[in-house]
Chemist: 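Have a look at the structure that comes next, please.
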Amino acid sequence: MSNLHPAQGDGKFMSKLKDNKLVVFGLLSTTAILCSGLATMVTDNQRLGNKLMRARILAQGATVLSVVFGMQQMAYSGKQPVKAAPAKPIVAAIPDPNRPPATD
């Protein structure tokens with residue numbers, strides 16, 4: 001289980017998206033083709049639905065290749081990956097049952 005709060009990784013994720021715009025385009029195109037292919041299959045146009053599912057596979061492959069290319073480019077360029085902010089302990093908010101209550 002991770003100690004990171006879900007909101008702490010946002011800066012790193014957005015930075016990665018800005019660095020490799022092909023991945024964003026691949027994700028959006030794959031999602032659009034998938035949704036349109038599923039909608040086409042519901043309307044009983046199986047031929048078009050099958051073509052769209054094949055196009056989705058090609059879009060997924062292109063997305064994976066762009067991710068791999070982006071990782072390779074970062075590795076060989078010497079660019080340091082963006083580090084996330086240090087995690088704040090979430091467990092500190094839970095009181096210790098063995099500790100007496102604080103008096104003010």
Side-chain angles (χ1 to χ4, degrees):
M1 204 167 204
S2 175
N3 291 338
L4 290 177
H5 191 272
Q8 288 179 342
D10 289 344
K12 185 176 180 180
F13 180 72
M14 294 308 288
S15 173
K16 293 286 184 188
L17 288 181
K18 290 177 186 174
D19 285 347
N20 199 349
K21 292 181 181 15
L22 286 176
V23 174
V24 177
F25 177 74
L27 290 171
L28 294 175
S29 63
T30 302
T31 304
I33 293 171
L34 175 65
C35 291
S36 59
L38 290 174
T40 305
M41 286 186 173
V42 170
T43 61
D44 290 334
N45 190 349
Q46 291 180 353
R47 182 174 233 165
L48 180 60
N50 197 5
K51 286 182 181 181
L52 285 170
M53 288 299 120
R54 289 180 185 168
R56 177 191 56 90
I57 292 171
L58 290 175
Q60 277 181 302
T63 303
V64 169
L65 286 177
S66 66
V67 168
V68 170
F69 178 72
M71 289 187 331
Q72 178 187 14
Q73 185 178 11
M74 188 184 340
Y76 288 119
S77 71
K79 184 177 179 182
Q80 295 296 322
V82 179
K83 294 188 178 184
K88 296 178 184 176
I90 298 173
V91 203
I94 301 172
D96 185 8
N98 298 328
R99 185 174 172 188
T103 57
D104 291 328

Chemist: Closest approach of Gly49 and Thr40, non-hydrogen atoms and distance?
Modeler: N-CG2, 3.6 Å
Chemist: Would you name the heavy atoms of Leu27 and Thr63 that are closest together and state the gap between them?
Modeler: N-OG1, 4.0 Å
Chemist: Kindly indicate whether the side chain of Ile33, heavy atoms from C-beta on, has any atom under 4.5 Å from the side chain of Met53.
Modeler: no
Chemist: About how many Å separate CZ of Arg47 and NZ of Lys51, when rounded to the nearest 0.5 Å?
Modeler: 5.5 Å
Chemist: Pairs in or reaching into residues 28-38: which pass side-chain hydrogen bond (donor to acceptor under 3.5 Å, both in side chains), with residues at least two apart or in two chains?
Modeler: none
Chemist: How long is the gap from CD on Gln72 to CG on Leu65, to the nearest 0.5 Å?
Modeler: 11.0 Å
Chemist: Other members of the hydrophobic cluster containing Phe69, with the 4.5 Å side-chain heavy-atom rule, please.
Modeler: none
